[in-house]
Amino acid sequence: ANVGGPIKKDKLWYFGSVRSWVSATRTPGWPVENPGAGPDFLTRLQNVTYKLTYQLNANNKLTHFAQFARKNQPYRGASSTVSLDSVFEQENYYWVGKVELNRIVSPTFFFDARLGTFGYHWLNFAYGGDLERSTSLRNRMTDQFTGTTAGGYNAYSRDPRRYQAEVVGNLYRNNWVLGDHTLKFGYIWEGYSDRLKYTGFLDSVRLVFRSTNGIDFSMPFRVDLYNYPNKFIDQASHHGLFVQDQIRVGPRVTINAGLRWDYYDAFEPEQDVREAPFRDFFYAGVPLTTSAGPFSLQRTPFADTWKVPASGKLIQYKKAFAPRLGVAWDLRGDGRSVIKANWGRYYSSPS
């Protein structure tokens, strides 16, 4: 469903949209203990969008836009080699939005300024018997010879957030230095954080088997230990400046010149070492009893306070300069045959 139109003629407009999409497919052979008896693999998508536009006056326009969405897949990981309770449910909510100002300062200069945000809340839930979410869980089990997996999933949640502010200007100048100029310039700031929280497998272990007789989970091999539950936070900031100029030098030559500078800084705040079944083993040097005798790891400084100190300047790019230069030459001045040459430097994902 979509609807839109004026709230006040030539002054205030609105737009709204609501959408829902569902897909159901069969998963051959799932679950492994009763092939083909599992429910349909479902994907559900819902989306709500709205936009408001307000013409303040002849030279200023204000826009607000937001979108909210949900994705749900209740049986992720379903296949012919997994049990009914080894799949998991994904529940994901996300959003994006902005407020933007468009301003005409003069017939030859205008700019856009915007504030924006993006984020999502991603949840993965483990199943117990009869596909009950987060209840009656079994230990996670894998069999290296039969290829079968059973038991509750490694549940977790993730919450990234991004905020940004940006200003972009456009300036036109005729008969300036070298010719006519179309100048574009701007600044952007972004702040980013990512929170990841693992609930983990039941008892923070995974049981591994090597069943050479063809019967699942009949020959124990080892136990994998995990440092669950845990939680960590990553953060980053970004500053960027750019200027680009298109210069028309006479009727046949156009020059495109630009320079961009970016500064990235990734860091981590102080973090808690959460209480967990094997926390003392991983951090405090407390030994485990194994079939081969006691085994221990070196004690870490984190065991004194159960805190991981803040880490600044993990990844920094202070001088990411990216120049651009291009030339277009109209051979005969009729716009039918043009020679172009371009040179530039690029950075790929420096954050």
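Keep in mind that this is a model prediction, so the values were computed, not measured. All values below were derived from every heavy atom in this structure, side-chain atoms included, with hydrogens, water molecules and symmetry-related copies excluded.
A side-chain N or O of T43 and one of Q73 form a donor-acceptor pair less than 3.5 Å apart. Side-chain contact of N60 with R103: a donor-acceptor pair under 3.5 Å is present, judged by distance alone. Judged purely by distance below 3.5 Å, without hydrogens or angles, the side chains of W176 and N174 never pair a donor atom with an acceptor atom. The closest side-chain donor-acceptor pair between S218 and D216, if any, does not fall under 3.5 angstrom. Side-chain contact annotation: D143 with T148, donor-acceptor N/O pair under 3.5 Å absent. Using a 3.5 Å distance cut-off with no hydrogens or angles, the side chains of R44 and N72 do pair a donor with an acceptor.
For F201 and Y226, the ring centers are positioned less than 6.0 Å apart. H238 and Y264 have their aromatic ring centers within a separation under 6.0 angstrom. In this structure, Y198 has its ring center under 6.0 Å from that of Y156. Two rings, from H64 and Y54, have their centers 6.0 Å or more apart.
With rounding to the nearest 0.5 angstrom, the CD1 atom of I247 is 5.0 Å from the NE2 atom of H181. Here the straight-line distance linking atom CG of N230 with atom CZ of R274 works out to 7.5 Å at 0.5 Å rounding. T25 OG1 to L42 CG: the interatomic distance, rounded to the nearest 0.5 Å, is 8.0 Å. The CG atom of L241 sits 8.5 Å away from the CG atom of D262 when rounded to the nearest 0.5 Å. With values rounded to the nearest 0.5 angstrom, Q144 atom CD is found 12.0 Å from T212 atom OG1. Atoms CZ and CD, from R195 and Q271 in turn, are 9.5 Å apart once rounded to the nearest 0.5 Å.
W261 contributes a side-chain N or O that, together with a main-chain N or O of K318, makes up a donor-acceptor pair within less than 3.5 Å. One N or O on the side chain of T117 and one on the backbone of R162 form a donor-acceptor pair closer than 3.5 Å. Counting only distance, with no hydrogens or angles, the side chain of E33 and the backbone of L84 share a donor-acceptor pair below 3.5 Å. Side-chain atoms of S204 come within 3.5 Å of backbone atoms of Y228 as a donor-acceptor pair (strictly under, hydrogens ignored). The main-chain N or O of N213 is never found under 3.5 Å from a side-chain atom of S211 such that the two would form a donor-acceptor pair. Panel note: side chain D130, backbone E132; no donor-acceptor pair is recorded below 3.5 Å. Checked by atom type and distance alone, the side chain of R26 pairs as donor or acceptor with a backbone atom of G36 at under 3.5 Å. With hydrogens and angles ignored, the 3.5 Å screen pairs no side-chain donor or acceptor of Y172 with any backbone N or O of P107. Side-chain N or O atoms of N139 include one that pairs as donor or acceptor with a backbone N or O of L202 at under 3.5 Å. No donor-acceptor distance shorter than 3.5 angstrom exists from the side chain of T27 to the backbone of W30, with no hydrogens or angles considered.
Of all heavy-atom pairs between P277 and P229, the closest is CD-CD, 4.2 Å. For the pair T149 and S86, the tightest heavy-atom approach, listed with the atom from each and the gap, is O-OG, 3.5 Å. The two residues V167 and A113 have their closest heavy-atom pair at CG2-CB, 4.1 Å. The minimum heavy-atom distance between G147 and T81, with the atom names listed, is O-CB, 3.4 Å. Across V87 and G77, no two heavy atoms sit closer than the pair CG1-C, 3.8 Å. Among all heavy-atom pairs drawn from P31 and G38, the shortest one is CD-N, 3.3 Å.
Members clustered with F282: M141, V205, L207, F209, F217, V223, L225, V273, F278, F281, Y283, L288, F295, L297, F302, W306, V308, by chain and number, using a 4.5 Å side-chain heavy-atom cutoff among hydrophobic residues.
Salt bridge present: R158 and D194 bring a charged side-chain N and a carboxylate O closer than 4.0 Å. Of the charged side-chain nitrogens involved, at least one lies within less than 4.0 Å of a carboxylate oxygen, so that R206 and D224 count as a salt-bridged pair. Look at R76 and E89 and you find no salt bridge, because none of the NZ, NE, NH1 or NH2 atoms lies under 4.0 Å from a carboxylate O. A salt bridge does not link E100 to K61: none of the charged side-chain nitrogens sits closer than 4.0 Å to a carboxylate oxygen. Salt-bridge check for D159 with R161: passed, with a basic side-chain N closer than 4.0 Å to an acidic carboxylate O.
Side-chain contact check for S237 versus D265: some heavy-atom pair is nearer than 4.5 Å. At a threshold of 4.5 Å between non-hydrogen side-chain atoms, the residues Q46 and R19 do not count as touching. Within the 4.5 Å cutoff, side-chain heavy atoms of F125 are placed close to those of S134. A 4.5 Å side-chain heavy-atom check between F221 and M219 finds every atom pair outside the cut-off. In this structure, N57 and Q55 have side chains that are not in contact, with every pair of non-hydrogen atoms separated by 4.5 Å or more. Looking at F15 and N2, their side chains come closer than 4.5 Å, going by heavy atoms from C-beta outward. Using a 4.5 Å heavy-atom cutoff, the side chains of F65 and Q67 are in contact. The shortest side-chain heavy-atom distance between K8 and P6 does not fall under the 4.5 Å cut-off.
Put simply, Y120 and Y93 are part of two different groups of oily side chains (I, L, V, M, F, W, Y) that touch within less than 4.5 Å, one to the next. Cluster membership for F242 and L325, using ILVMFWY side-chain heavy atoms within less than 4.5 angstrom, is not shared. Note on L101: it clusters hydrophobically with L52, by side-chain heavy-atom contacts below 4.5 Å among ILVMFWY residues. Linking ILVMFWY residues whenever their side-chain heavy atoms come closer than 4.5 Å, directly or via other members, places Y163 and Y187 in the same cluster. V99 and L56 fall within a single hydrophobic cluster, where Ile, Leu, Val, Met, Phe, Trp and Tyr are joined by side-chain heavy atoms under 4.5 Å apart, directly or via other members.
With respect to D272, the salt bridge (charged side-chain N to carboxylate O under 4.0 Å, His left out) criterion is satisfied by exactly one of K231, K197, K307: K307.
For the pair R324 and Y346, the cation-pi test (distance below 6.0 Å, angle within 45°) is passed. Cation-pi geometry between R210 and F145 is not satisfied (NZ or CZ under 6.0 Å from the ring centre, within 45° of the ring normal).
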Test ring pair (Phe, Tyr, Trp, His ring centres under 6.0 Å) on Y153 and F88; report intermediate values, then the result. CA-CA 6 Å; Y153 179 73; F88 63 97; 3.8 Å; yes
Test log, rule salt bridge (Lys or Arg N to Asp or Glu O under 4.0 Å), inputs R173 and D180: CA-CA 6 Å; R173 284 288 185 268; D180 298 337; over 6 Å; no
Would K51 and T63 satisfy side chain to side chain contact (heavy atoms under 4.5 Å, CB included), going step by step from the backbone distance to the final call? CA-CA 7 Å; K51 182 180 180 181; T63 302; 3.4 Å; yes
With side chain to side chain contact (heavy atoms under 4.5 Å, CB included) as the test, would you mind laying out the steps for F185 and L171 before giving the verdict? CA-CA 9 Å; F185 50 91; L171 178 66; 4.2 Å; yes
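Surrounding CZ of R299 are more than 12 heavy atoms belonging to other residues, nucleotides or ligands, all under 6.0 Å away. At most 12 heavy atoms of other shown residues, nucleotides or ligands fall within 6.0 angstrom of atom CH2 in W329.
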